[in-house]
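Numbering starts at 1 and runs along the sequence shown.
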Amino acid sequence: MKPFLSAFFVLLLTVLSGVMDARGFVYAGRAWPGGTLDWTAVGQSLLAFVAGISLYIGAVRFMQSMGLNAVALQSGIWFVATAIGIAVLDGSVAQWTRLQQAVALVVMLGLAWLIATAHEAH
């Protein structure tokens, strides 16, 4: 039961971390409308990043309890969650061509493969 619970918390905390960091990136992208700094967007971005890294640190605790000690593997899991979060929150992916979407999917699958196989190398 403990490995299942640890895996659940890894997934939950990593997804939440990725979503919060994705929000941070989206808000950061809105911080300079018309060349003027928007302090509200800056504050929202910073708060989202603080929440994201806090959740990520919690996820790392559960990753380590599962034997996932490689930082590259840990950050790779976060990267996939964050990239998906940005794609969903930003909404611009829907405006990409089908080829661009297909390439993005292949890249995400490649990252997932690297994450899965990197654990075997350690």
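- The stretch residues 39-62 participates, sequence neighbours left out, in no side chain to side chain donor-acceptor pair (under 3.5 Å) pair at all.
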For residues 99-112, which side-chain N or O atoms pair as donor and acceptor with protein atoms under 3.5 Å away, sequence neighbours left out?
unit_1 : atom_1 : unit_2 : atom_2 : d
Gln100 : OE1    : Thr97  : N      : 2.8
Gln100 : OE1    : Thr97  : OG1    : 3.4
Gln101 : OE1    : Arg98  : NH1    : 2.7
Gln101 : NE2    : Val93  : O      : 2.8

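- Here the shortest heavy-atom pairing between Gly52 and Ser17 reads O-OG, 2.8 Å.
- Shortest non-hydrogen contact noted between Ala22 and Leu89 is CB-CD1, 3.8 Å.
- Between Ser6 and Ser65, the shortest heavy-atom contact is OG-OG, 3.3 Å.
- With values rounded to the nearest 0.5 angstrom, Met20 atom CE is found 12.5 Å from Ile53 atom CD1.
- Heavy atoms only, all atoms of each residue included: Val42 and Ala31 are closest at CG2-CB, 4.0 Å.
- Hydrophobic clustering of Ile, Leu, Val, Met, Phe, Trp and Tyr side chains at less than 4.5 Å, counting indirect connections, keeps Phe8 apart from Leu11.
- Residue Phe25 is not grouped with residue Leu46 when hydrophobic side chains (ILVMFWY) are merged at heavy-atom distances under 4.5 angstrom, including chains of intermediate members.
- Listed by chain and residue number, nothing satisfies the ring-ring contact (aromatic ring centres under 6.0 Å, His included) test with Tyr27 (two or more places apart in sequence, or in another chain).
- One distance of note links CG of Leu16 with CG of Leu55; it measures 5.5 Å at 0.5 Å rounding.
- Under the 4.5 Å side-chain heavy-atom criterion for Ile, Leu, Val, Met, Phe, Trp and Tyr, Val15 and Leu13 are members of distinct hydrophobic clusters.
- A 6.0 Å sphere centred on CZ of Phe79 holds no more than 12 heavy atoms belonging to other residues, nucleotides or ligands.
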For this session: Evaluate the criterion side-chain contact (heavy atoms from CB on, under 4.5 Å) for residue pair Trp32 and Asp38; output intermediate values, then yes/no.
Result: CA-CA 6 Å; Trp32 292 94; Asp38 179 351; over 6 Å; no

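- The two residues Met63 and Val10 have their closest heavy-atom pair at N-CG2, 3.5 Å.
- Taking the six-membered ring where the residue is Trp, Phe62 and Phe9 present parallel rings, their angle staying beneath 30° rather than reaching 60°.
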